[in-house]
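Some notes on the structure that comes next.
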Amino acid sequence: MRPLFVNTFLTLDGVMQAPGGPEEDPSGGFTHGGWSVGYWDDLMGQVMGEAMGAPFDLLLGRRTYEIFAAHWPSAGDDDPAANALNRARKYVASTTLDAVEWRNSTLLAGDVADAVARLKEEPGPEIQVHGSGHLIQTLIGHDLVDRYRLWIFPVLLGTGKRLFARGTVPAGLRLVDSRTSTTGVVIATYERGGEIGYGSFAFEEPTEAEVERRRRLASE
């Protein structure tokens, strides 16, 4: 089974909406679009290049697909990111689009969770999800995400669409890589870590025998 990677820009309070510009996603009256733009540095470009350097398939929701399809084909294949994204096989989850025209794009048919589960069973490279907040909620709710690469920006917004919303499946994660940019962006990669190790730091009530032992010691 090939793995599915979620690659997402996040504020410190978990918002993933419209990191790239004011017009990217103003839905819900969101007025903070473009919050990630001022933090880019060479390390972040290097990490992004590494993520796109090996073969991958791309899984996108409608809104992110339309944003990408309007930009990357005209960026030219001399741009490494454009070359990787234009060349990749793209799968689009949408109930409103009738056709997808960006090179190597295919509309997913039927139930999204079932379609993605089938994709993971097929031979091929890893599947990457970029943006696509609504789609990611479906993937999380059906426990289809194998690894998260979270770009955590030193920004607080207090409002906007969040990566881990209601419907998130409780699960433990394991940190497999962490880097910090010169601008304070933490790039952390997590993979499945099994069940959550629940416990308690509360003091346990002493047994009757322990109470008696303490009483004897105090009286000596």
Side-chain angles (χ1 to χ4, degrees), residues 1-17 19 35-36 39 43-44 46-48 50-52 54 56-61 93 111-122 124-181 183-214 217:
M1 178 181 290
R2 53 181 173 158
L4 188 148
F5 289 58
V6 163
N7 191 80
T8 302
F9 290 3
L10 289 177
T11 65
L12 197 58
D13 56 339
V15 175
M16 63 175 296
Q17 187 171 353
W35 49 264
S36 76
Y39 292 87
L43 174 66
M44 295 169 70
Q46 176 187 332
V47 173
M48 186 63 76
E50 291 170 359
M52 295 186 175
F56 64 92
D57 286 354
L58 200 58
L59 175 62
L60 301 171
D111 180 79
V112 170
D114 289 344
V116 173
R118 289 194 298 270
L119 278 180
K120 293 182 66 176
E121 294 288 348
E122 294 176 1
E126 69 185 36
I127 303 169
Q128 294 186 12
V129 183
H130 294 246
S132 308
H134 183 70
L135 169 62
I136 289 175
Q137 300 311 308
T138 299
L139 301 176
I140 292 174
H142 288 83
D143 197 22
L144 290 168
V145 180
D146 299 294
R147 181 171 285 195
Y148 296 92
R149 182 180 291 110
L150 307 181
W151 305 61
I152 305 167
F153 288 71
V155 175
L156 298 173
L157 296 180
T159 184
K161 298 174 183 176
R162 285 171 165 76
L163 173 61
F164 298 110
R166 289 188 177 184
T168 297
V169 177
L173 299 175
R174 184 172 71 89
L175 180 69
V176 295
D177 186 61
S178 179
R179 305 188 222 182
T180 303
S181 76
T183 59
V185 178
V186 177
I187 308 165
T189 303
Y190 298 89
E191 64 181 19
R192 293 173 181 270
E195 296 182 358
I196 300 171
Y198 294 105
S200 174
F201 288 112
F203 292 110
E204 295 183 1
E205 290 293 329
T207 63
E208 291 184 8
E210 177 64 16
V211 170
E212 178 61 22
R213 186 184 72 83
R214 294 177 184 178
L217 288 173

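Everything quoted here is computed from the prediction, not taken from an experiment. Only this structure's heavy atoms are used, side chains among them; waters, hydrogens and symmetry mates stay out.
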Aromatic contact, Y148 with F164 (centres under 6.0 Å):
yes
Hey, does W151 have a side-chain heavy atom less than 4.5 Å from the side chain of S181?
no
Donor-acceptor pair, D13 side chain versus L156 backbone, under 3.5 Å?
no
Please report the interatomic distance CD1(I140) to CG(L163), rounded to the nearest 0.5 Å.
4.5 Å
Is there side-chain contact between P154 and V185, with heavy atoms separated by less than 4.5 Å?
yes
Take D143 and R192 through the test side-chain contact (heavy atoms from CB on, under 4.5 Å) and record every step on the way to the result.
CA-CA 10 Å; D143 197 22; R192 293 173 181 270; 3.1 Å; yes
E195, CD atom: more than 12 neighbouring heavy atoms under 6.0 Å
no
In sequence, state the C-alpha distance, the side-chain angles, and the governing distance for I152 and L12, and then conclude on side-chain contact (heavy atoms from CB on, under 4.5 Å).
CA-CA 6 Å; I152 305 167; L12 197 58; 3.8 Å; yes
What heavy-atom pair brings A188 and L175 nearest, and what distance separates the two atoms?
CB-CD1, 4.0 Å
Considering non-hydrogen atoms only, spot the tightest contact between S132 and H130 and give its length.
OG-O, 2.9 Å
Nearest heavy-atom neighbours spanning Q17 and W35
O-NE1, 2.7 Å
Quick test of your reading of the model: are E50 and R179 salt-bridged, counting only N-O distances below 4.0 Å?
yes
Charged N to carboxylate O below 4.0 Å: is that the case for R147 and D177?
no
Check: Q46 and L43 side chains under 4.5 Å, non-hydrogen atoms:
yes
R2/D146 salt bridge by N-O under 4.0 Å criterion
no
Test H142 against V112 for side-chain contact (heavy atoms from CB on, under 4.5 Å), laying out the working first.
CA-CA 10 Å; H142 288 83; V112 170; over 6 Å; no
For the pair F9 and F153, name the ring-plane relationship: parallel under 30°, tilted 30 to 60°, perpendicular over 60°.
tilted
Exactly one of V145, L59, T8 clears side-chain contact (heavy atoms from CB on, under 4.5 Å) with V129, and that residue is L59
Just verifying a value: how many Å separate L150 CG and M16 CE, rounded to the nearest 0.5 Å?
10.0 Å
Straight-line distance of T189 OG1 to L173 CG, nearest 0.5 Å:
11.5 Å
Any chance you could measure L144, atom CG, to D114, atom CG, to the nearest 0.5 Å?
9.0 Å
So how far is it from L60 CG to Q128 CD, rounded to the nearest 0.5 Å?
10.0 Å
Distance col, row R149:CZ vs N7:CG, nearest 0.5 angstrom, shows 5.5 Å
Heavy-atom closest pair (V186 atom, S178 atom, distance to 0.1 Å) is CG1-OG, 4.1 Å
